[in-house]
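In listed order, ligands and their atoms are each counted from 1. Computed over heavy atoms, backbone and side chain alike; hydrogens, waters and symmetry mates excluded.
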Amino acid sequence: MQIRIRRGWEIPEAHATPEAVVMARRSLLGAGAGLLAGTGAAQAQWLSPSRLFQAPVKEQPRKPLAAARNARFVAGRDITEEIHATTYNNYYEFGTSKSIVAPAQALVLEPWTVRIEGMVANPRTVGLEELLKQVTLEERVYRFRCVEAWAMTVPWVGFPMAELLRIAEPQAGAKYVVFSTLADEKIMPGIREGFYPFPYTEGLTLAEAANELAFMAVGMYGKTLPPQNGAPFRFITPWKYGFKQAKSIVKISFTDKRPVGFWEALQAEEYGFWANVNPAVPHPRWSQARERLLGSGEMVPTQIWNGYGTFVADLYKGLEKERLFA
Ligand SMILES: Nc1nc2c(c(=O)[nH]1)N[C@H]1C(S)=C(S)[C@@H](COP(=O)(O)O)O[C@H]1N2
Ligand SMILES: [Mo]
């Protein structure tokens with residue numbers, strides 16, 4: 001067995017690298033893990049990979065997607081430069097590095113259909129275009145916080161998740177909505193590898209899904225989403241860690257049982273169902289007190305609920321016994 005000792009400057013950026021999972025499964029990731037992962041790691045300054053320093057990639061064209069900005073949501077931070085938000089990604093189906101722009105171009109975005117099923121009035125498959133005819137697109141600038149302690153501020157284009165619920169018509173007994181994402185071994189090396197529990201799924205309570213912050217995104221920076229950011233359809237819940245926010249959604253199901261998401265299935269001690277941002281609750285392997293802004297590399301304090309408490313804190317009244325922040 002190979003045990004890799006991380007050096008101080010190596011940020012534990014992969015949520016769970018294959019080796020970390022193997023180590024956890026062998027119960028070796030106990031008290032020593034903090035030492036290995038390095039407490040100073042999250043403070044390290046990292047340059048986001050830029051296209052300037054990489055082999056040129058022929059990216060899929062993105063269609064302009066003009067939508068009025070919703071002034072109710074004020075990010076209070078500069079918008080991250082598009083080059084950084086669209087080149088520093090987590091999309092494990094295409095590989096565990098942050099530089100998956102090139103392989104992600106293999107995604108076939110049209111036609112795209114979404115299966116709506118489970119506890120709904122009419123289980124059915126809808127074309128994304130058809131779905132978009134039933135909603136009004138708007139732009140929202142949201143802060144985004146990955147559990148790995150990096151953050152960005154992005155102008156997303158999309159529509160409220162509440163609208164999706166209206167269209168899907170969940171039955172009275174439904175309690176959760178579960179989003180499943182594309183798993184196509186022909187184009188996704190991560191699926192072929194067979195290591196991770198794909199398809200990637202993440203779920204929300206219906207109360208969370210109906211919250212006005214919850215957003216279905218089809219675009220960013222005034223254009224359709226690029227493949228690497230989860231084209232053509234993903235969800236955004238800015239008060240939760242990034243791993244909840246599933247990309248390239250192909251199925252939306254409604255259920256009365258709490259779903260086990262991709263990360264919880266992989267590492268339940270580190271990633272739970274709720275995954276709300278909280279600087280006071282460290283990840284078992286690193287601090288969540290601060291976050292590194294993509295682009296500038298500036299370290300800034302993390303806020304509880306990622307600063308969105310006025311919108312969402314009430315959702316969790318009475319749930320204090322739950323592991324709300326992991
Ligand atoms: N299908 C899928 N969705 C995913 C992921 C993934 O690997 N696969 N990674 C998640 C994680 S960990 C983060 S931080 C965000 C990253 O989104 P971005 O690349 O657009 O910044 O996507 C989330 N959604
Ligand atoms: Mo993440």
Just wondering, are more than 12 heavy atoms of other shown residues or ligands nearer than 6.0 Å to NZ in Lys223? yes
Does Trp150 come within less than 4.0 angstrom of ligand 1, counting non-hydrogen atoms of the residue? yes
Verify the distance criterion only: is there a donor paired with an acceptor across the side chains of Asn70 and Glu138 at less than 3.5 Å? yes
Residue, atom and distance of the protein heavy atom nearest atom 19 (O) of ligand 1 read Lys247 NZ, 2.6 Å
With sequence neighbours left out, write down each residue that passes salt bridge (charged side-chain N to carboxylate O under 4.0 Å, His left out) with Arg323, or none if nothing qualifies. none
Atoms of ligand 1 close to His15 [distance to a heavy atom under 4.0 angstrom, numbered from 1]: 12 (S)
Can you find a non-hydrogen atom of Met152 under 4.0 Å from ligand 1? yes
With side chains defined as the heavy atoms from C-beta onward, is the minimum distance between Gln228 and Glu59 less than 4.5 Å? yes
Whether Arg234 lies under 4.0 Å from ligand 1, heavy atom: yes
Hydrophobic clustering (ILVMFWY, side-chain heavy atoms < 4.5 Å, transitive) - are Val108 and Phe198 grouped together? no
Quick check on contacts: which atoms of ligand 1 are under 4.0 angstrom from a heavy atom of Thr181? 1 (N)
Identify which of Trp156, Tyr91, Tyr200 has a heavy atom lying nearest to atom 4 (C) of ligand 1. Tyr200
Taking the six-membered ring for Trp, are Phe215 and Phe73 ring centroids under 6.0 Å apart? no
Would one find an N or O of Tyr92, backbone or side chain, under 3.5 Å from an N or O of ligand 1? yes
Using a strict 4.0 Å cut-off to heavy atoms of Cys146, name the atoms of ligand 1 that fall inside it. 14 (S)
For ligand 1, is Phe262 a contact, meaning one of its heavy atoms is under 4.0 Å away? no
Between Thr125 and Arg115, do the side chains contain an N or O donor and an N or O acceptor separated by less than 3.5 Å? yes
Of all heavy-atom pairs between Tyr241 and Cys146, which one has the smallest distance, and what is that distance? CD2-C, 4.0 Å
Looking only at protein heavy atoms, what sits closest to atom 23 (C) of ligand 1 is Gly242 O, 3.3 Å
Side-chain donor-acceptor pair under 3.5 Å between Lys98 and Asn90, yes or no? yes
Glu81 side chain to Tyr221 side chain, donor-acceptor N/O pair below 3.5 angstrom: no
Using a 6.0 Å cut-off, check whether atom CD of Glu185 has over 12 heavy atoms from anything other than its own residue. no
Among all protein heavy atoms in this structure, tell me which lies nearest to atom 9 (N) of ligand 1, with the distance rounded to 0.1 Å. Asn90 O, 3.3 Å
If the cut-off is 4.0 Å to any non-hydrogen atom of Gln245, which atoms of ligand 1 fall inside it? 22 (O), 23 (C), 24 (N)
Enumerated ligand 1 atoms positioned under 4.0 Å from heavy atoms of Phe243: 10 (C), 11 (C), 12 (S)
Per-atom filter on ligand 1: closer than 4.0 angstrom to a heavy atom of Phe144 are 14 (S), 15 (C), 16 (C), 17 (O)
So which protein heavy atom does atom 1 (N) of ligand 1 come closest to, and at what separation? Glu93 OE2, 2.9 Å
Region of Asn229 engaging ligand 1 - heavy atom pairs below 4.0 Å: both
